[in-house]
Trainee: 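Have a look at this one before I ask anything.
Numbered from 1 within each chain, the chains take letters A, B, ... in sequence-line order.
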2 protein chains.
Amino acid sequence: MSHLDKADTALFMSQLLGHALEMTGTAKDTSCGFSCGDTALPSQVDHCLQCPVRDLAVCSSLNDDEIGQLAQFVVGQEFSGGHDLFVEGDPASAVYTVTEGAVKTHKLMPDGRRQITGFFFAGDFVGLAHGENCAYSAEAAGTIRVCRFDRKRFDHVLDEFPKMRSRLLSEASDELAAAHNQMLLLGRKTAKERLATFLLMVDQRTAQWRKDEDVLELPMTRGDIADYLGLTTETVSRTFTQFRSAGYIAAQGTQDVKVLSREGLEDAAEG
Amino acid sequence: MSHLDKADTALFMSQLLGHALEMTGTAKDTSCGFSCGDTALPSQVDHCLQCPVRDLAVCSSLNDDEIGQLAQFVVGQEFSGGHDLFVEGDPASAVYTVTEGAVKTHKLMPDGRRQITGFFFAGDFVGLAHGENCAYSAEAAGTIRVCRFDRKRFDHVLDEFPKMRSRLLSEASDELAAAHNQMLLLGRKTAKERLATFLLMVDQRTAQWRKDEDVLELPMTRGDIADYLGLTTETVSRTFTQFRSAGYIAAQGTQDVKVLSREGLEDAAEG
DNA sequence: GCACACCATTGATCGAGATCAATGCCCGCT
DNA sequence: AGCGGGCATTGATCTCGATCAATGGTGTGC
């Protein structure tokens, strides 16, 4: 909660000052900062045109001219780990594209039980909401960069560029398919199957931009993984150990996982 | 699989014969059958205009003229319980609106473990898919009626009527929010909490057209409920018994549940 | 009316993963 | 260097829901 207040205040101040790139939490300054006014300065359009996920994100459905319109109100933001993009129940006022790092979404029960409902990596779109309010919270898992779009203005862009709404619907369908997979995992898979499925998912979804194709950098803690897989940290930890013993993976520190046998993981993922 | 073949064959023959209302499985004949050719006959447009879910479904985003275009290629179909609308892995060739009864979607593991990923009631839209193939199967839970739309022609309608795509995106967002709730349920809730949550969900989603507002007619078996909640039939059955003992519900046969204490269920749903 | 198949319920037992508990590691801070 | 907090790992034990098993109910077709 306090995170959000802080972020919002920072945003407000920054808008007053005419800076489009936000920083929140403990994030360090960033090399690609730039300033803008109400209309798109060349540098701001460049921000979008030179975006690292230009061809991955929903924006890829727009041509350079159209991107210019979007660029007029995009706000680049940086969050450090643990800080909230938005919180369940908040008015849904913005949507986001992840440009760097990973975002996790979650739901909480009154007694503190938590379910992480999804991870979003560079190029992914976060914040689709039907009603007035957010149905879940979104939080930075490690330092991230996102593009923030005001929801109303974004909706307006969608009206103008049907291609983009179409693309967004595709994205939503994808997310829905992923959700179905996750329900199967949560409802019917064993701990081993869950972790193996998870590792293969991360493998697949981060393949495009990894340095070493066999080393997964997990931006989340064991607790996060547990809350995503419907397990406890202890079980996740034990299962990692089993996979190490079985020779499926090798650990390099606790965040990096070297995949030794994709086949082993694939077998483990389906019993 | 054989179900589908049968349905598809029936569909093909019926189209040859110029009948737009299909019947599959053991479904009885229906009082509102009608015939049509390639273009919309008045009666077919009427089919849509007089549709019981006209104001509930995605079609509600279209005016009477626009509905006419949709009506040109809608196919009314009737399925009896257990028959498949489509199967995971099949080419995604059609989308559906439920007009009567309930549809369930599910995923299977190679060894037969099953997870039901959603129930769809009158007015709901089923069959959103991004890729070429269905990401899950859909099956009639009890006798149902649906409107079937060829996917390509439906996509074309979406291009023509942006309102409808917008509405569909809303629908998808809703479904996504429901999926998040279900992940919380499957990952973190106890058996009691799951069943209570389920009963309240059915209560809410079927409220609009129930005869008796306190009696839920469950169109699915205990096994279906179990596969939806990530439990076994035995546990579902035991939990029903507990709710009966606690006075939250009363049974009238096995398919009908009279809600005696919504408050009791609400408490049970969150521990 | 009877046989069969399927479904729901209840009881007894088992086991995967939760819970409780202890230890070690790493990193930032003083 | 020394301290403290968060995270990961490992061990011991417990518990909720799964599994195995038996029975009764219901509807369908012969």
Side-chain angles (χ1 to χ4, degrees), chain A residues 25-26 28 80-82 109 111-115 141-143 185-196 198 217-245 249-257 268 271, chain B residues 25-28 80-82 104 109 111-116 141-143 185-198 217-245 249-257 268 271:
Chain A
T26 62
K28 284 176 249 106
S80 60
M109 293 182 64
D111 64 1
R113 277 176 285 174
R114 182 175 71 142
Q115 179 65 37
T143 302
L185 179 147
L186 291 169
R188 290 297 176 221
K189 291 193 178 183
T190 66
K192 266 189 217 181
E193 291 165 351
R194 291 180 199 205
L195 187 61
F198 171 73
E217 295 170 39
L218 303 177
M220 64 294 281
T221 66
R222 295 288 184 267
D224 284 344
I225 298 174
D227 281 347
Y228 181 58
L229 299 179
L231 301 169
T232 58
T233 34
E234 292 93 329
T235 301
V236 170
S237 184
R238 279 185 244 271
T239 311
F240 263 113
T241 305
Q242 286 182 50
F243 284 177
R244 255 182 275 119
S245 310
I249 58 170
Q252 351 215 279
T254 126
Q255 301 290 91
D256 291 3
V257 172
Chain B
T26 62
K28 282 174 252 107
S80 61
K104 60 196 184 196
M109 292 182 65
D111 64 0
R113 279 176 284 174
R114 183 176 71 143
Q115 179 65 38
I116 293 187
T143 301
L185 178 145
L186 291 169
R188 292 297 177 219
K189 291 193 178 182
T190 65
K192 265 189 217 181
E193 290 165 351
R194 291 181 199 205
L195 187 61
T197 306
F198 171 73
E217 296 170 38
L218 303 177
M220 66 292 281
T221 66
R222 295 290 185 266
D224 285 344
I225 298 174
D227 281 347
Y228 182 58
L229 299 179
L231 301 168
T232 58
T233 32
E234 292 94 330
T235 301
V236 170
S237 185
R238 279 185 245 273
T239 310
F240 263 112
T241 305
Q242 286 181 50
F243 285 176
R244 256 182 276 118
S245 310
I249 58 171
Q252 351 216 280
T254 128
Q255 302 290 88
D256 291 4
V257 172

Trainee: With sequence neighbours excluded, what pairs up with B/Arg222 under the side-chain hydrogen bond (donor to acceptor under 3.5 Å, both in side chains) test?
Mentor: none
Trainee: Rounded to whole angstrom units, what separation is found between the CG atom of B/Asp224 and the C1' atom of C/dC6?
Mentor: 13 Å
Trainee: Starting from P on C/dG17, measure out to CG on A/Leu229 and report it in whole angstrom.
Mentor: 12 Å
Trainee: What's A/Ser237 touching, base or sugar-phosphate or nothing? Going by heavy atoms closer than 4.0 Å.
Mentor: base
Trainee: Salt-bridge test for A/Arg188 and B/Asp227: reply yes if a basic N is under 4.0 Å from a carboxylate O, no otherwise.
Mentor: yes
Trainee: Applying salt bridge (Lys or Arg N to Asp or Glu O under 4.0 Å), can you list everything that pairs with A/Lys192, at least two apart in sequence or on another chain?
Mentor: none
Trainee: Using a 4.0 Å heavy-atom cut-off, does A/Thr254 contact any base of the nucleic acid, only the sugar-phosphate backbone, or nothing at all?
Mentor: sugar-phosphate
Trainee: Rounding to an integer number of Å, can you tell me how far B/Gln255 CD sits from C/dC6 P?
Mentor: 16 Å
Trainee: Once you apply a heavy-atom cut-off of 4.0 Å, does A/Thr232 come out as touching a base, just sugar-phosphate, or nothing?
Mentor: base
Trainee: Between B/Gln242 (CD) and C/dA8 (C1'), how many Å, whole number?
Mentor: 16 Å
Trainee: Nearest-Å distance, CZ (B/Arg188) to P (C/dA18)?
Mentor: 7 Å
Trainee: With sequence neighbours left out, write down each residue that passes side-chain hydrogen bond (donor to acceptor under 3.5 Å, both in side chains) with B/Thr197, or none if nothing qualifies.
Mentor: B/Lys189
Trainee: Contact class for A/Thr233 vs. all strands (heavy atom < 4.0 Å): base, sugar-phosphate, or nothing?
Mentor: nothing
Trainee: Nearest whole Å is fine: how far is C/dA18 P from A/Asp227 CG?
Mentor: 11 Å
Trainee: Let me test you: for the helix from C/dG1-D/dC30 to C/dT30-D/dA1, what is the angle between the axes at its two ends (five pairs each), rounded to 10 degrees?
Mentor: 40°
Trainee: Scan B/Gly253 against the nucleic acid and name what it touches under 4.0 Å (heavy atoms): base, sugar-phosphate only, or nothing.
Mentor: nothing
Trainee: Main chain of A/Leu186, side chain of A/Arg194: is a donor-acceptor contact present, judged purely on distance under 3.5 Å?
Mentor: yes
Trainee: Please state how far atom CD1 in B/Ile225 lies from atom P in C/dA8, giving the value in whole angstrom units.
Mentor: 8 Å
Trainee: Side chain of B/Glu193, backbone of B/Ala268: donor and acceptor closer than 3.5 Å?
Mentor: no
Trainee: With a strict under 4.0 Å distance from non-hydrogen atoms of chain A, what nucleotide opens and what nucleotide closes the contacted stretch of DNA chain D, reading 5' to 3'?
Mentor: D/dA8 to D/dA12
Trainee: Rounding to an integer number of Å, can you tell me how far A/Lys192 NZ sits from C/dA16 C1'?
Mentor: 11 Å
Trainee: So which atom in A/Thr232 and which in A/Ala226 form the shortest heavy-atom distance, rounded to 0.1 Å?
Mentor: C-CB, 3.4 Å
Trainee: What residues, two or more places apart in sequence or in another chain, satisfy salt bridge (Lys or Arg N to Asp or Glu O under 4.0 Å) together with A/Glu217?
Mentor: A/Lys211
Trainee: Which part of the nucleic acid, if any, lies within reach of B/Arg194 when heavy atoms closer than 4.0 Å are counted: base, sugar-phosphate only, or nothing?
Mentor: nothing
Trainee: So, OP1 or OP2 of C/dA18: does either fall under 4.0 Å of a side-chain N or O from A/Thr235?
Mentor: yes
Trainee: Ignoring hydrogens and angles, tell me if any N or O in the side chain of B/Ser245 forms a donor-acceptor pair with the backbone of B/Thr241 under 3.5 Å.
Mentor: yes
Trainee: Would you mind telling me which residue lines up with the more 5' stretch of DNA chain D, B/Gly230 or A/Val236, judged by nearest nucleotide?
Mentor: A/Val236
Trainee: Over all heavy atoms of both residues, which pair between B/Leu218 and B/Ile225 is shortest? Give the atoms and the distance, please.
Mentor: CD1-CD1, 4.1 Å
